[in-house]
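Notes follow once the structure below has been shown.
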Amino acid sequence: MESERSQRMGNACIPLKRIAYFLCLLSALLLTEGKKPAKPKCPAVCTCTKDNALCENARSIPRTVPPDVISLLFTSNSFDMISDDAFIGLPHLEYLFIENNNIKSISRHTFRGLKSLIHLSLANNNLQTLPKDIFKGLDSLTNVDLRGNSFNCDCKLKWLVEWLGHTNATVEDIYCEGPPEYKKRKINSLSSKDFDCIITEFAKSQDLPYQSLSIDTFSYMNDEYVVIAQPFTGKCIFLEWDHVEKTFRNYDNITGTSTVVCKPIVIETQLYVIVAQLFGGSHIYKRDSFANKFIKIQDIEILKIRKPNDIETFKIENNWYFVVADSSKAGFTTIYKWNGNGFYSHQSLHAWYRDTDVEYLEIARTPQALRTPHLILSSSSQRPVIYQWNKATQLFINQTDIPNMEDVYAVKHFSVKGDVYICLTRFIGDSKVMKWGGSSFQDIQRMPSRGSMVFQPLQINNYQYAILGSDYSFTQVYNWDAEKAKFVKFQELNVQAPRSFTRVSINKRNFLFASSFKGNTQIYKHVIVDLSA
């Protein structure tokens, strides 16, 4: 009986245990349900239905828009910018209208994550530009409305023009409000060629702690080198490129006295350096590759070259020459010719004219004629004189001068589309740019100059520059404007008493070396900037 009673009591406990189990399970479920995040409620500034939301008079984009919304409209709101990820958490959004607001700027990643977006409208706002790639990732986009904005069609909007050219989305016609030349132009009709967005500049790269006069660059044994004449230490300093540190470093030097020009010339595979000095005579050195040093091989006749001021090297009919402009009262500007063993005096151009500069160039008498070698001598005592090479006599003959150009310190030439131009430097008065017209040089441009000792044209890639130095003010860099066919002001450089500007190209890097008679020698890097990037 006792065991039977116990069995009945045990059977009676089974329902109680089950009830307790279900009560525990229900409690757990209720607790779990309580921990689930509540669905975002419709923001106070919006009116929401199951699929749509309309937001007005908001100060910013609300972060609590229901995640299942398909269509979202913002109108008559007071915020003027939209930040990144403004619509994050709306994976089902297909239609987004941000219209009739005062929006001035939108961040690049504003619409990130809206992979279902089909229609986007930014109509009737105050947008002047849009960040590049703002539509990136919107792969479902089929319609875009940007009407009613004040777009400034500059380089920052070039990407939009390119995007309009290849997008499959339908985009309503939009128009430029600026700049003036594009005002009321249809943006949809523009092309990337309508934008000139590549600019350049010379950025300071390195300072060399010494004064200098002339700077030259040369290639030797598959490497590029720079040689700098230091007048006060009397040295020719040779620099090479440090491929690790990405700077120029000392390579070697030639020690002399009052060095004014260190002119390299490579004949076949041999390097020679003509060292012009104010005192102690001028000399020619040879690079001895076995001894790994420079060896003096020749003296330049001191009776002719008393006060050298400039040296030019050139090649005519496979013969190498160099010419020294002598600025002394009793000196001779003289041409020297290589004879296989050394350089010997070939021709003295004229005496006692105190020549300050000599420039070698090739010009033709008619467009159909072949260009022939010429020399232009600048002098403090006469107008620049033009000499022409005579093939029969193998000498330069005095041809003419450049009229109305007294007190020219130096002449340097350059070419644009086959036309030959010269830059004439004057210490007092206007420096000039002139163009060869077939029989004479003709004025095309004047540059006010005061204290100028160098007006150097130089070309870097497709950019033609002219750099006008000054002892009393900033150096002016000019850039050639192809449409105007003249130079326009481009940049100012702060160089103390500049004497030369030289382009040096190393491993596709372009540098500008600026010599200074009173301060440090400066190195600038030529930088290309894409304003549309």
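Looking at Y175 and N149, their side chains never come closer than 4.5 Å, going by heavy atoms from C-beta outward. A 4.5 Å side-chain heavy-atom check between L93 and V69 finds at least one atom pair inside the cut-off. The shortest distance between side-chain heavy atoms of F414 and C423 falls below 4.5 Å. Contact annotation: the side chain of L141 never approaches that of I118 to less than 4.5 Å [non-hydrogen atoms, C-beta and beyond]. Counting heavy atoms from C-beta on, the side chains of F238 and I254 come closer than 4.5 Å. R108 has its side chain out of reach of I134: every pair of non-hydrogen atoms, C-beta onward, lies at least 4.5 Å apart. Inter-residue side-chain proximity for L90 and L96 is flagged as unmet; no heavy-atom pair is nearer than 4.5 Å. A heavy-atom distance below 4.5 Å is found between the side chains of I103 and I82.
The shortest non-hydrogen separation linking S116 to P91 is OG-O, 2.9 Å. Shown here for D357 and D310, the closest heavy-atom pair between the two residues is OD1-OD2, 3.0 Å. Minimum heavy-atom separation, S150 to N126: OG-OD1, 4.2 Å.
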Margin query: As a quick check of understanding, evaluate side chain to side chain donor-acceptor pair (under 3.5 Å) for E201 and Q491, giving each step before the final call.
Written below: CA-CA 7 Å; E201 67 174 348; Q491 187 178 353; 5.0 Å; no
Checklist line | salt bridge (charged side-chain N to carboxylate O under 4.0 Å, His left out) evaluation trace for D68 with K50 | finding: CA-CA 8 Å; D68 296 331; K50 179 181 177 182; over 6 Å; no
Next item on the list: For F455 and L468, run side chain to side chain contact (heavy atoms under 4.5 Å, CB included): C-alpha distance rounded to whole Å, both residues' side-chain angles, the deciding distance at 0.1 Å, then the answer.
Entry: CA-CA 4 Å; F455 187 17; L468 181 62; 3.7 Å; yes
Next item on the list: I would like to know whether F441 and W436 meet side chain to side chain contact (heavy atoms under 4.5 Å, CB included); could you show each step before the answer?
Entry: CA-CA 4 Å; F441 284 101; W436 177 250; 3.5 Å; yes
Next item on the list: Go through the steps to decide whether T200 and V529 satisfy the test side chain to side chain contact (heavy atoms under 4.5 Å, CB included), and finish with yes or no.
Entry: CA-CA 6 Å; T200 62; V529 180; over 6 Å; no
Note to self: D194 vs Y182, test: side chain to side chain contact (heavy atoms under 4.5 Å, CB included). Steps then yes/no.
What the structure shows: CA-CA 10 Å; D194 293 314; Y182 287 152; 3.4 Å; yes
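In this structure, D430 contributes its side chain and R446 its backbone to no donor-acceptor pair below 3.5 Å. Between the T217 side chain and the Y225 main chain, a donor and an acceptor come within less than 3.5 Å of each other. Checked by atom type and distance alone, the side chain of S219 never pairs as donor or acceptor with a backbone atom of E224 at under 3.5 Å. Not one N or O on the side chain of N152 forms a donor-acceptor pair closer than 3.5 Å with the backbone of C176. With hydrogens and angles ignored, the 3.5 Å screen pairs a side-chain donor or acceptor of S470 with a backbone N or O of R450. Remark: the backbone N or O of K104 is not paired with any side-chain donor or acceptor of D80 at under 3.5 angstrom. A distance-only check finds a donor-acceptor pair linking the side chain of D84 to the backbone of H109 [under 3.5 Å]. Judged purely by atom type and a 3.5 angstrom limit, D145 uses its side chain to pair as donor or acceptor with the backbone of R147. Put simply, the side chain of N101 gets close to the backbone of F74: a donor and an acceptor are under 3.5 Å apart. Judged by distance alone, the side chain of T110 and the main-chain N or O of S107 form a donor-acceptor pair under 3.5 Å.
The pair D443-K432 counts as a salt bridge, with a side-chain nitrogen and a carboxylate oxygen less than 4.0 angstrom apart. Under a 4.0 Å N-O distance rule, the pair K156/D154 does not qualify as a salt bridge. Salt bridge annotation for R499-D471: present, with a cationic side-chain nitrogen under 4.0 angstrom from a carboxylate oxygen.
Taking the six-membered ring for Trp and thresholds of 30 and 60 degrees, Y220 and F218 have ring planes inclined between 30 and 60 degrees apart. The aromatic rings of W241 and F248 sit perpendicular to each other, their planes meeting at more than 60°, with 30° as the lower class boundary. Between Y465 and F490, the ring planes lie tilted relative to each other; the angle falls in the 30° to 60° range. Taking the six-membered ring for Trp and thresholds of 30 and 60 degrees, F202 and H526 have ring planes inclined between 30 and 60 degrees apart. Under the 30°/60° scheme for interplanar angles, the aromatic rings of H166 and W163 are found to stand perpendicular.
For the residue pair H243 and N507, a side-chain donor N or O sits within less than 3.5 Å of a side-chain acceptor on the partner. A side-chain donor from one of S500 and S515 sits under 3.5 Å from a side-chain acceptor of the other. With hydrogens and angles left out, the side-chain atoms of R503 and N510 include a donor and acceptor closer than 3.5 Å. Side-chain polar atoms of T247 and Q206 form no donor-acceptor pair below 3.5 angstrom. One side chain, R287 or N292, offers a donor N or O that lies under 3.5 Å from an acceptor on the other. Donor-acceptor pairing under 3.5 Å is lacking for the side chains of Q230 and Q211. Remark: the T75 side chain and the E99 side chain contain no N/O donor-acceptor pair separated by less than 3.5 Å.
Sparse packing is recorded around CG of N462, with 12 or fewer heavy atoms of other residues, nucleotides or ligands lying under 6.0 Å away. Around the CZ atom of F474, the shell of radius 6.0 Å holds no more than 12 heavy atoms that belong to other residues, nucleotides or ligands. F79 CZ: more than 12 foreign heavy atoms inside a 6.0 Å radius. For K486, the NZ atom is loosely surrounded, since the number of other residues' heavy atoms within 6.0 Å does not exceed 12. For K412, the NZ atom sits in a packed shell: over 12 heavy atoms of surrounding residues, nucleotides or ligands are nearer than 6.0 Å. In K186, the NZ atom is not crowded: 12 or fewer heavy atoms of neighbouring residues, nucleotides or ligands sit closer than 6.0 Å. Remark: K204 NZ is packed, more than 12 non-hydrogen atoms of other residues, nucleotides or ligands lying under 6.0 Å away.
Aromatic pair W480/Y421: ring centres closer than 6.0 Å. No close placement of the H413 and Y360 rings is indicated, their centers lying 6.0 Å or farther apart. For F517 and F232, the gap between ring centers is short of 6.0 Å.
Partner of L208 under the side chain to side chain contact (heavy atoms under 4.5 Å, CB included) criterion, out of T521, I237, N520: T521 alone.
The line from CD of E312 to CD1 of I265 is 11.0 Å long, rounded to the nearest 0.5 Å. A distance of 8.0 Å separates SG in C155 from CD1 in I198, rounded to the nearest 0.5 Å. We find the OG-CE distance between S431 and M453 to be 11.5 Å, quoted to the nearest 0.5 Å. The structure places CG of L120 at 6.5 Å from CD1 of I98, a figure rounded to the nearest 0.5 Å. In this structure, the separation between CG on D252 and NZ on K235 is 10.5 Å, given to the nearest 0.5 Å. Note that the CG atom of N100 and the CG atom of N125 stand 7.5 Å from one another [nearest 0.5 Å].
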